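Computed from a prediction, not measured in an experiment: that's the story for all the values here. One is the number of the first residue; the rest follow in order along the sequence.
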Amino acid sequence: MASGARNGGLGSRAGGKMDRQQGSTATPKAPAGKPRLSAAGGAYRRTSSGPLPAAGGRNSSESGVSSRVRVAVRLRPRNAEEQAADADFADCVELQPELKRLKLRKNNWESDTFEFDEVLTEFSSQKRVYEVVAKPVVESVLEGYNGTVMAYGQTGTGKTFTLGRLGDEDTAARGIMVRAMEDILADITPETDTVSLSYLQLYMEMIQDLLDPVNDNIAIVEDPRTGDVSLPGATVVEVRDQKSFMDLLRIGEAHRVAANTKLNTESSRSHAILMVNVRRAVKGRSEMNVSMSAENGHSSSMMDSLRPPIVRKSKLVVVDLAGSERIDKSGSEGHTLEEAKSINLSLSSLGKCINALAESSAHVPVRDSKLTRLLKDSFGGTARTSLVVTIGPSPRHRGETTSTIMFGQRAMKVQNMVKLKEEFDYKSLCRRLDIELDKLIAENERQRKYFDDEIERITAEAQYRVAEAEKECKVSLENEKMKYHQEYLDSIKILEEKWKVHQQSPKKQIKEESTSNGDVQDLLQNEKMLRQSAEDESNDLKNQLSHWKKMETTATAEVVRLRRMLDTEASQKDKLEEEIAVLKSQLMQLSLDADETRMGLDTGDGPGKIFPGLDSLMSHSRNSQPREQSNGPKAPVAKLFEQVGLQKILSLLESEEPDVRVHAVKVVANLAAEEANQEKIVEAGGLTSLLMLLRSSEDETIRRVAAGAIANLAMNETNQDLIMAQGGVTLLSMTASDAEDPQTLRMVAGAIANLCGNDKLQTRLRGEGGIKALLGMVKCGHPDVLAQIARGIANFAKCESRAATQGNKVGRSLLVDDGALPWIVKNANNEAAPIRRHIELALCHLAQHEVNAKDIVSEGALWELVRISRDCSREDIRMLAYRTLTSSPTLQSEMRRLRIEC
């Protein structure tokens, strides 16, 4: 990359080189149309670290603010090696942090001077680096703008230390990633804001997920309309606290690819990319709009409820670039050399893009590398970008230091249009309307229940009052009637007594006649008065009864009124339901309008088939076919399968008659040879039935054919998991130990060989005795059996090699632990071509990893590897052996000791 950057343009073309140190320093010329600022402010210096203008609604996202890429340079102190080797030489750079300048010495008399936004000495703390490089970008991200922080420099100059240091032992050593997340989590509101992240690495031009290593080739999706890039296949984890973020960083760092080179004991071999997505609710904007519309007289309850909240979506991208290096200085070779080529190629593509942007070229080669596609928004896009270039003091690396400085100078010329990322939160509006709808429905139900209860109460009270009034009226009438009747009887009795007395004494009666008549008249008058009083009382009672009847009528009218009110509430409920339907339709229309608005305004954001159908059984079937045809036409297996049905055929496997079971298992084996039938057989329980036959049957033919059918089913990865889950490897191992027929052993060995080709089953397969079973069948000596054993060992060694390369396996090979290496060496030059080819391939895969090298040498396999690299008939195996011999230090040392030339 260093040479590529120099060829890309130094001196006046780069625009950042100053006059030699013989007079006043010159400031680079500013691009046309842009303000030129004083040297005290740095080359093209302008204040871009402060807060950006606040956006006044969604229209603010349509116009951007120009912001130049800010570049800081950081000097690494001398390490122990440089202190010893360069003790007599001065540093190749001299820093002037107060002037924000850097002098690059060409010799003892001449030097070049460069200006940067910040100059950080070797004594600058991690906190200082974060505050001047990344904190302004983090603050912009919290305000709703995209931001990028990136480190660039030679291998071993402290890029990963600056960005990704976790600071477990010393909190002061925490890098930019940890400090940035601390500020973000401290500023957000957990109830309304969310923070999520993805952690990726770009390794050998493949985007790999550091949080899910299985996801090792993530595709870049580009919006054909806006040109924005995204990674929908990456793992996204929501972060709530700093501890969970630190755990995620540790997981990612554990999966990142690193290697030991001459320049760095733990050199990063991939570009690490941390993407932090911040989603924040904008407080106060909606309330302000509501109050303004209320003052203007245009507010309504419906429109207020339909007013969506505003959210800001921003993204912070932290990029730890792999170091640029010269091959002759890093000492890379073998696979490490290929990694270095890929790293230099991607960094060269990034340098070309920055050159094109700095020179306002019409064409920017963004598509030359996946790195430049991912950083499309960071350089020349809508993100606020801050770059820290790291350099070393050693004069031996002056060329790389010059290339790094020139890269930073060109990056300072790149202009971005920073834009606010705001949009309406229609999902939150939908949830709020659903809650209000539920509240209205509940309130309507409550009021309806209240009216029903009130009607029942008033009706019961009116009925009770009417009944009481009728009862009191009836009692009063009876009492008055009895009272006046008794008075009437008493008065009659008195008159009768007086009449008797008058009859007994007529004279006295005559004398007292006048007095008696007066008394009678008085009595009659009194009787009339009593009758009148009784009639008045009766009329009063009738009036009271009429009053109570009127009250009953009033109560009935009240009931009718309440029923009318209930009907009115029912009609209001119908209207409310109609309004709800209108609200839903309006909400749907608003969602469609939102999608159109967002689109208009968002400008930023396996092995081959080893047993194709039981060879021996099929050949026997073909040889016996003429006899069968002579006895009459016989339906083929496929036609039999369609006519009889799979369930019927599988049920015959449990027949008590041995001949029936033999024929049934042969039919199932022939069906299993067809890939289209395998899924049906497994779903119908055929695999379980075949394993039961291996466990329970003593018939050699049944066990041989069942093992062959299982071998065919084992070619499918899903079936392999089922075979392991049902103890298939244990049953196959038991069958191998009991069988003597070579054909049965060939079928069993083929089934185990297919299972050996599954990366996920390596440990379980070895733990259940699969490898020992393969090695135990060696004593048979039959070539077909040995060929299947060799194929299984080759499959197992290949999967181990792939797992070790990906970092999923450490330690010595399981094949070596189980004693397979002596047999491999013994048969590496077998006369049978299939056996020899698989053994040669297995030996090459075992020798690829340094941890197995001592066993390779001690078992005499080194000579076989040399023979394979020279005499193997297959070019791919011959080249694999050659690369293995040349890339292993242990094997190379042994070859030099034995004076063997590859």
**Report entry** Among Arg256, His271, Gln208, Arg269, the one residue meeting side-chain hydrogen bond (donor to acceptor under 3.5 Å, both in side chains) with Gln201
**Finding:** Gln208
**Report entry** Cationic N near anionic O, under 4.0 Å, Arg240 to Glu238
**Finding:** yes
Query raised in the report: So, Glu205 and Lys370, do they make that salt bridge, N to O below 4.0 Å?
Result: no
Query raised in the report: Arg280 versus Ile188: any side-chain heavy-atom pair under 4.5 Å?
Result: yes
Report task. Could you check Thr372, Leu371, Leu375, Val414 and say which one makes a side-chain contact (heavy atoms from CB on, under 4.5 Å) with Cys353? Result -> Thr372
Query raised in the report: Are the charged groups of Asp183 and Arg179 less than 4.0 angstrom apart, N to O?
Result: no
Query raised in the report: Less than 4.0 Å between a side-chain N and a carboxylate O, is that true for Glu222 and Lys376?
Result: yes
Report task. Give a yes or no on whether a salt bridge exists between Glu118 and Lys100, defined as a side-chain N under 4.0 angstrom from a carboxylate O. Result -> yes
Requested in this report: Would you mind checking if Arg174 and Glu182 are paired as a salt bridge, meaning a charged N to carboxylate O distance below 4.0 Å?
Outcome: yes
Query raised in the report: Are Met246 and Asp168 close enough that some pair of their side-chain heavy atoms sits under 4.5 Å apart?
Result: yes
Query raised in the report: Should Phe116 and Met412 count as side-chain neighbours, where that means a heavy-atom distance under 4.5 Å?
Result: yes
Query - Straight-line distance of Leu231 CG to Arg373 CZ, nearest 0.5 Å - result: 9.5 Å
